[in-house]
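Note sheet for the following structure.
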Amino acid sequence: MPIPVSTSRNGDKPLFTPGPLTTSLSVKQAMMHDLGSRDFEFIDTVRQIRSALLALAVAPEEPYEAILMQGSGTSGLEAVIGSITAPEGKWLMVVNGAYGQRLMQIAERLKIAVVAAKFPEWCPAIVAKVVSELDAHPSVTHIGIVHCETTTGLLNPVQEVGALAAERGKVFMVDAMSSFGAVPIPIGDWNIDYLVSSANKCIEGVPGFSFVLARRAALDQTDGYARSLTLDLRAQWQRLEADGQFRFTPPTHTILAFRQALAELEEEGGVMGRAARYRRNHETLVAGMRELGFVEYLRPEDQGYIITSFRFPDHPNYDFDRFYELLNDRGFVIYPGKVSDAACFRIGTIGRVFAEDIHNLLLAIRDTLLDMEVTL
Ligand SMILES: *Cc1c(COP(=O)(O)O)cnc(C)c1O
């Protein structure tokens, strides 16, 4: 069912970014309440959210738990890495972009042993290379990978790496921050022990917390491992189980917005419905950008429909800061690039934006190029 566009923004510019994203007016309005953290309605909302999150990825008979953690998405990753690793544990992180690199950084900062299976930023992880890294480092106990590498928009082969992790008896964590809710992820079939995502990406809530879907049997083996008080995943789970509450002040308004966002996801047809809209956004964008003369950074077969990196046009009059400002003046917000070996900018196609918004963005880009006297 299509959702009306014009009323959704309070006059704000649409965000074509990797997050925070454009949200619906009703999601924003859901925050207009002050609820106490011990209030029955609040506790019940948290309970509903935990079961709705599980329903997005987990078959009813599969033993998984949904745990909400205050903070941004990275806090959720840090909570998992810091809470599930035994003192003698060791990670293998698959790295082909800035977010894979961030997984390395988290482990290093926590003084947890870690090695990388590195790939170029244009290259989805190659499973044979992950196998050889595992062979070279038999003491590895955990594997971490990013699903949609938001640096470029590529999708990593999570299912294949999950099968490998299961075969080798390694604990498997997936950073599904920018894909969960819009790309189907059958968590049990893909052998995922821990999946991490956040409130303000494809579920279209507002920032303030991350969430973890954890296999209960894995979580049960992590007693005493947490290296942080606030980011103690197991303690947070136990408190949510015991009385439905957070251990420390919960982001109550964000949680109310998230309940509304989950209802709107369901109304749109769940993960498949959202996937269809984002895919259409992406296809509209790429067709229009190619027509304007832009070239994508990734090969089409490696590109997901979440966010797309475009190379800077090869023209002396092109300057990204000016391009960004002129687009911003026209009411459109895009995003700088993050690829280290090529000059790129990024356009996200997630959040409460529709093909009609993409058409308007393309018109504004055409206009901006004319203004800058960039001919492609
Ligand atoms: C957005 C994102 C994160 C988390 O970012 P925060 O700024 O901490 O919310 C982590 N990994 C990926 C792949 C992301 O897209």
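Order of listing sets the numbers, starting from 1, for every ligand and every atom in it. Below, each value reflects all heavy atoms present in this structure, side chains not excepted, and no hydrogens, waters or symmetry copies.
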Extract all N/O-N/O pairs under 3.5 Å that connect ligand 1 to the protein, and present each with both atom names and the distance rounded to 0.1 Å.
residue	atom	partner	partner atom	Å
ligand 1	8 (O)	Ser72	OG	2.5
ligand 1	8 (O)	Gly73	N	3.3
ligand 1	8 (O)	Thr74	N	2.8
ligand 1	8 (O)	Thr74	OG1	2.5
ligand 1	9 (O)	Gly73	N	2.9
ligand 1	11 (N)	Asp175	OD1	3.3
ligand 1	11 (N)	Asp175	OD2	2.7
ligand 1	15 (O)	Thr150	OG1	2.5
ligand 1	15 (O)	Lys201	NZ	2.8

Review point. So among Tyr335, Phe16, Tyr324, Phe294, which one has a ring pair (Phe, Tyr, Trp, His ring centres under 6.0 Å) with Phe345?
Key: Phe294

Review point. Under 6.0 Å between ring centres, would you say that holds for Tyr318 and Phe312?
Key: yes

Review point. Does a donor on one side chain sit under 3.5 Å from an acceptor on the other, for Thr22 and Arg9?
Key: no

Check your understanding: Can you find a side-chain donor-acceptor pair between Glu264 and Ser24 that sits under 3.5 Å?
Key ->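 The answer is yes; a qualifying pair exists.
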
Point to revise | Geometric cation-pi criterion, Arg277 with Phe354: 6.0 Å, 45° | key: yes

Review point. How far does CZ of Arg259 sit from CG of Asp44, to the nearest 0.5 angstrom?
Key: 8.0 Å

